[in-house]
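As structure tokens, the structure follows; a few thoughts come after it.
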Amino acid sequence: MLVLGIESSCDETAAAVVEDGRRILSSVISSQIDIHRQFGGVVPEIASREHLLKIDPVVDEALEKAGVAIGDIDAVAVTNGPGLIGSLLVGVNYAKALAMGLGIPFIGVNHIEGHFFSVVFENPPIEYPAMALIVSGGHTNLFLAPEPGKYELLSRTRDDAAGEAFDKVAKMLGLGYPGGPVIERYAREGDPKAIRFPIAKISDGKPDFSFSGLKTAVVRYLRENGIEPVKEGEEPSNEIKDICASFQDTAVRTLLKNTRKLAKELRPKVLIVAGGVACNETLRTASEKLAESLGVTVYFPSKHLSTDNAAMIAAAGHFHLQRGERSATDLTADVNIRLQNTGEHVSAKDGRKVPYRI
Ligand code: KG4
Ligand code: ZN
């Protein structure tokens, strides 16, 4: 079965052709990073306009690279939330029109479930119960998937997502956008124990994440020590490199503290670490160590599948299509969609259930 996946939830226009949910025939990603970099972050209006320009050529390229004709595609899977509304609408409407024109099924996929499925291409089949730490620029969630297609949200961030914290800290250090890769690069040359930044404690005792306190601690440290941001084209000082390393070390420890606690309690067979922040080597190494100490297998996607892509959307779509699920023609973009116990799409805004048509 050939599924065409389409992803346009944020600043990547992506299309992929995936065979039988596990084999990537093509995965094309057109990133808008260079356009948004000059603004220091994603500008939603610009993002949706760029998606409009790119979606058709990106789908064409995905078909061409896969060596298949449009008529060979069996179904279309598209991200329909969460994400930026204008960006999501481009992908959803394109996918719906394409599928309807071809007379083939289509299915809306939750972007977070897509990240969950990003590990299926390069690892053994997922064993359940699985625990998944999904860490990106927009999300920081820890799920337990007791069985395929069911997701229980164990923890989430109360404020900033982990990737957002990397992006904001990089911005205040004058290191540009996106922050994750550049902080990781300079962290390699710094001392992770140089500065003690705090790991947030949630006052109501829930095992949630919080990153805004860490970000504020970095701001305070810069102010108290009179440290200026790096000027464009300049090599960062050792002090800045130490801040990068200490911040990264604290962010990773923040992520794994809850994960360790809940994994000990719930004993999953597999730990999945996915999303853009899963590119981070310090997080990978620490997750491997944690998994080893708990006797759990850890699955990562390779780096090009950690950040947003359409192959993971096609894989998640394939899973649902195999179960006989289809989206109806009134499928729409929903920025508030959550991944819930039942596998149903539930709007967080009004609790409205958006069931699959079986
Ligand atoms: O999954 P993704 O491409 O998009 C979202 O769904 O948000 O994740 C992008 C995020 C950005 O915040 C970026 O700074 C972060 O992932 N990121 C990293 C690394 N590479 C990307 N964070 C830490 N270390 C990295 N190496
Ligand atoms: Zn993502």
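Computed from heavy atoms alone, side chains included, the values below leave out hydrogens, waters and symmetry copies. Both counts, for ligands and for their atoms, begin at 1 and track the order of listing.
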Task: E184 side chain to E281 backbone, donor-acceptor under 3.5 Å - done: yes

TODO: Assess E281 for proximity to ligand 1: is some non-hydrogen atom of it under 4.0 Å away?
DONE: no

TODO: Indicate yes or no: does R284 engage E288 in a salt bridge with an N to O separation below 4.0 Å.
DONE: no

- [ ] Among all protein heavy atoms, pick out the one at the shortest distance from atom 24 (N) of ligand 1; state its residue, atom name and that distance to 0.1 Å.
- [x] N280 ND2, 3.0 Å

Open item on the list: Only heavy atoms of H111, strictly under 4.0 Å: list the atoms of ligand 1 that pass.
Closed with: 6 (O)

- [ ] Select one of side chain, backbone, both or neither to describe which atoms of D167 lie under 4.0 Å from any atom of ligand 1, heavy atoms only.
- [x] side chain

Open item on the list: In this structure, is the centre-to-centre distance between the rings of F143 and F116 below 6.0 Å?
Closed with: no

Task: Residue, atom name and distance, where the atom is the protein heavy atom closest to atom 4 (O) of ligand 1 - done: D308 OD2, 3.2 Å

Task: Proximity flag C10 to ligand 1, non-hydrogen atoms under 4.0 Å - done: no

- [ ] Go through the side-chain N and O atoms of S27 and N309 and say whether any donor and acceptor fall under 3.5 Å apart.
- [x] no

Open item on the list: I'd like to verify the contacts: list protein N, O or S atoms under a distance of 2.8 Å from the Zn ion (ligand 2).
Closed with: H111 NE2, H115 NE2, D308 OD1

TODO: Run the salt-bridge test on K65 and E61 with the 4.0 Å N-O cut-off and return the result as yes or no.
DONE: yes

- [ ] Say whether, by atom type as modelled, one donor and one acceptor occur between the side chain of D204 and the main chain of K206 under 3.5 angstrom.
- [x] yes

Open item on the list: List ligand 1 atoms under 4.0 Å from H115, heavy atoms only on the residue side.
Closed with: 1 (O), 6 (O)

Open item on the list: Give the atom numbers and elements of ligand 1 that come within less than 4.0 Å of a heavy atom of E184.
Closed with: 25 (C), 26 (N)

Open item on the list: Taking R253 first and then D249, would you say they form a salt bridge - that is, a charged N and a carboxylate O separated by under 4.0 Å?
Closed with: yes

Open item on the list: Applying the side chain to side chain donor-acceptor pair (under 3.5 Å) criterion to T13, which one of E7, H51, K54 satisfies it?
Closed with: H51

TODO: Using a strict cut-off of less than 4.0 Å between a Lys/Arg side-chain nitrogen and an Asp/Glu carboxylate oxygen, indicate whether D11 and R37 qualify as a salt bridge.
DONE: no

Task: Heavy-atom proximity to atom 21 (C) of ligand 1, best of G276, C279, S118 - done: G276

Open item on the list: Given F209, which partner from the list N141, T140, I199 fulfils the side chain to side chain contact (heavy atoms under 4.5 Å, CB included) test?
Closed with: T140

Open item on the list: When you compare the side chains of Y151 and N110, does any donor N or O come within less than 3.5 Å of an acceptor on the partner?
Closed with: no

Open item on the list: Show the atoms of ligand 1 that are less than 4.0 angstrom away from any heavy atom in G179.
Closed with: 14 (O)

TODO: Number the atoms of ligand 1 from 1 as they appear, then name those within less than 4.0 Å of a heavy atom of G137, with their elements.
DONE: 5 (C), 7 (O), 8 (O), 9 (C), 10 (C), 12 (O)

Task: Distance from atom 18 (C) of ligand 1 to nearest protein heavy atom, with residue and atom - done: G180 CA, 3.4 Å

TODO: Before signing off on this row, confirm whether G163 and ligand 1 have an N or O atom pair separated by under 3.5 Å.
DONE: yes

TODO: Under 4.0 Å, heavy atoms only, figure out whether ligand 1 is touched by the backbone of Q248, its side chain, both or neither.
DONE: neither

Task: Proximity of F39 and Y177 rings by center, below 6.0 Å - done: no

TODO: State the atoms of ligand 1, each with its element, that fall below the 4.0 Å cut-off from a heavy-atom position in G138.
DONE: 7 (O)

Task: Neighbour count above 12 (heavy atom, 6.0 Å) for E189 CD - done: yes

